[in-house]
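In what follows, chains are A, B, ... by sequence order, proteins preceding strands, each numbered from 1.
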There are 2 protein chains.
Amino acid sequence: MNFDLSSLRQKFRERDYKLTPQRQIILQVFIDNRGKHLSAEDVHNIVRQQSSDIGLATVYRTLELLSELDVLQKMDFGDGRSRYELNENTSPHHHHHLICLTCGKVIEFADDLLEDLENMIAKNSNFTIIDHQVKFYGYCQECRNKSEV
Amino acid sequence: MNFDLSSLRQKFRERDYKLTPQRQIILQVFIDNRGKHLSAEDVHNIVRQQSSDIGLATVYRTLELLSELDVLQKMDFGDGRSRYELNENTSPHHHHHLICLTCGKVIEFADDLLEDLENMIAKNSNFTIIDHQVKFYGYCQECRNKSEV
DNA sequence: TTCACTGCAAATTCTTTGCACCCAA
DNA sequence: TTGGGTGCAAAGAATTTGCAGTGAA
């Protein structure tokens, strides 16, 4: 579960990227905030609170870079901004839409039955699954309580 | 699978909304384009091609309204714009993040085993699941072939 | 010296809002 | 006549980009 800084350095080196102080600081923010889903602005604010200051544009550029390197996972919760999280390379997958990372094509997928059948899905659709995203929308207890007033 | 126009009318009436010509036209666009994931701009363009013209702002307002009424489902494929699709009220659900529609809070959820256990998830987390979204990221055959060059 | 990187400000892109006008109930 | 709807243009918000300056190899 730890970040192998040296292997990360290598990843950078391979692509002629540099592990600059700004990038390290931003990476550290994610290490210090596991489980949170930070937006670019969140990261920017956290960095500022820690004395250091990094341009917002640099934050955006770094988040994109780290996502490309699979260090971060970009996600969207429908609140109008992208959020990022350390990619801990966790667990299984699910289904629904097959979205091609290269051309953006969205392939509809029948539906349900599966779970571990992900592999079968992949085969049938000739789609190499790299990552998945599952989201539930609903109401948390807190909000339900409030609305009972 | 058909849209019960009259029940829709009722839905509108109940909330003192009006099923205006513009709204009907936009709804028709989705009926004519099942399975596609249209952005506001897509809808706007399609409408224009059909002679009629509707202000882009009205398109946005209508998409929001129809989503509220569960006629459309708003989705995000990470391409920087919201996309919409007829909500055919399909099937089961899955899991991962519990996102509160009211406060936006994101509740982490353990992981995997389930599928039909969604109900249990709901119970354990005290979260009322209204909707879910599942996405796979990967590469389609076409793109894999191209990259083999 | 070079080339990736940075910060800042301007520019883009998607979406929302303010406001005057319109129309069906 | 009233209140929801609409269009247009302006405003907002998130993100990207242009560009000059910086620093490590």
Side-chain angles (χ1 to χ4, degrees), chain A residues 8-29 37-48 50-69 71-85 104, chain B residues 8-29 37-48 50-69 71-85 104:
Chain A
L8 184 58
R9 271 180 214 289
Q10 174 148 11
K11 255 191 191 176
F12 269 73
R13 208 166 292 141
E14 279 171 9
R15 312 209 192 184
D16 285 315
Y17 291 147
K18 292 176 185 171
L19 193 45
T20 65
Q22 286 91 333
R23 290 173 179 175
Q24 287 189 55
I25 289 172
I26 290 172
L27 178 59
Q28 191 60 46
V29 167
H37 313 87
L38 306 176
S39 66
E41 205 189 336
D42 290 340
V43 173
H44 192 225
N45 288 334
I46 291 173
V47 168
R48 297 186 137 213
Q50 299 173 352
S51 75
S52 12
D53 193 7
I54 300 180
L56 185 54
T58 298
V59 172
Y60 273 105
R61 283 185 284 232
T62 300
L63 294 180
E64 196 194 335
L65 177 64
L66 292 177
S67 295
E68 261 180 51
L69 295 178
V71 174
L72 294 182
Q73 181 171 22
K74 186 176 187 174
M75 34 185 66
D76 179 285
F77 292 141
D79 63 347
R81 73 203 67 199
S82 292
R83 295 185 169 280
Y84 300 81
E85 183 178 30
Chain B
L8 184 59
R9 270 179 214 289
Q10 174 150 11
K11 253 191 190 174
F12 270 74
R13 208 166 291 141
E14 279 170 9
R15 311 208 193 185
D16 285 315
Y17 291 147
K18 293 174 187 173
L19 193 44
T20 65
Q22 286 92 333
R23 288 174 181 173
Q24 287 188 55
I25 289 171
I26 290 173
L27 178 58
Q28 191 61 46
V29 167
H37 315 85
L38 307 175
S39 66
E41 206 188 336
D42 290 340
V43 173
H44 191 224
N45 288 335
I46 292 173
V47 168
R48 297 187 135 212
Q50 298 174 352
S51 74
S52 11
D53 193 7
I54 301 179
L56 185 55
T58 298
V59 172
Y60 273 106
R61 283 186 283 231
T62 301
L63 295 180
E64 197 194 336
L65 177 64
L66 292 176
S67 295
E68 262 180 52
L69 295 178
V71 174
L72 293 182
Q73 181 170 22
K74 187 177 187 174
M75 34 185 65
D76 179 285
F77 292 141
D79 63 347
R81 72 204 64 200
S82 292
R83 294 184 171 280
Y84 301 80
E85 183 178 30

Find the distance [X]:[atom1] to [N]:[atom2] and express it as a whole number of Å.
X	N	atom1	atom2	answer
B/Y17	C/dC23	OH	C1'	19 Å
B/R23	D/dT6	CZ	C1'	9 Å
B/D42	C/dT15	CG	C1'	15 Å
B/L65	C/dT15	CG	C1'	16 Å
B/Q22	C/dA24	CD	C1'	13 Å
B/F12	C/dA24	CZ	C1'	16 Å
A/E68	C/dC5	CD	P	11 Å
B/D53	D/dC8	CG	P	7 Å

* To do: Please report the shortest heavy-atom distance between B/S39 and B/R83, naming the atom on each side.
  =>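 Between these two residues, the closest heavy atoms are N-NH1, 3.7 Å.
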Dump every N/O contact between nucleotides 21-25 of chain D and the protein below 3.5 Å, one line per pair.
none

Are there any protein N/O atoms within less than 3.5 Å of an N/O atom in nucleotides 14-16 of chain D, and if so, which ones and at what distance?
unit_1	atom_1	unit_2	atom_2	d
D/dA14	OP1	A/R81	NH1	3.2
D/dA14	OP1	A/R81	NH2	2.8
D/dT15	OP1	A/S82	N	2.8
D/dT15	OP1	A/S82	OG	3.4
D/dT15	OP2	A/Y60	OH	2.5
D/dT15	O5'	A/Y60	OH	3.4

Keeping [X] on the side-chain end and [Y] on the backbone end, is there a donor-acceptor pair under 3.5 Å?
X	Y	value
A/K74	A/E64	no
A/S67	A/L65	no
B/H44	B/I54	yes
B/H37	B/M75	no

* Asked: Which residue, B/G55 or B/D16, contacts DNA chain D at a nucleotide closer to its 5' end, judged by nearest heavy atom?
  ->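 The residue whose closest nucleotide sits nearer the 5' end is B/D16.
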* **N/O (side chain, A/T58) to phosphate O (OP1/OP2, C/dG7) under 4.0 Å** =>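 Result: yes.
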* Under 4.0 Å: is that the gap between some side-chain N or O of B/T20 and OP1 or OP2 of D/dT6? ->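 True: B/T20 side-chain N/O within range (under 4.0 Å) of D/dT6 OP1/OP2.
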* Got a sec, which residues hit salt bridge (Lys or Arg N to Asp or Glu O under 4.0 Å) with A/E41, two or more places apart in sequence or on another chain? ->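 Partners of A/E41 by the salt bridge (Lys or Arg N to Asp or Glu O under 4.0 Å) criterion, ordered by chain and then number, come out as A/R81.
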* Asked: Please, which pairs that meet salt bridge (Lys or Arg N to Asp or Glu O under 4.0 Å) have at least one residue in residues 53-63 of chain A, sequence neighbours excluded?
  ->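 Every salt bridge (Lys or Arg N to Asp or Glu O under 4.0 Å) pair that includes a residue of residues 53-63 of chain A, provided the two are not neighbours, is A/R48-A/D53.
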Expected list for residues 14-26 of chain B: side-chain donor-acceptor pairs under 3.5 angstrom, two or more places apart:
unit_1	atom_1	unit_2	atom_2	d
B/T20	OG1	B/R23	N	3.3
B/R23	NH1	B/K18	O	2.7
B/Q24	NE2	B/L19	O	3.3

* Listed partners of A/Q28 passing side-chain hydrogen bond (donor to acceptor under 3.5 Å, both in side chains), at least two apart ->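 Testing A/Q28 for side-chain hydrogen bond (donor to acceptor under 3.5 Å, both in side chains), a comparison that skips the adjacent residues, returns A/D32.
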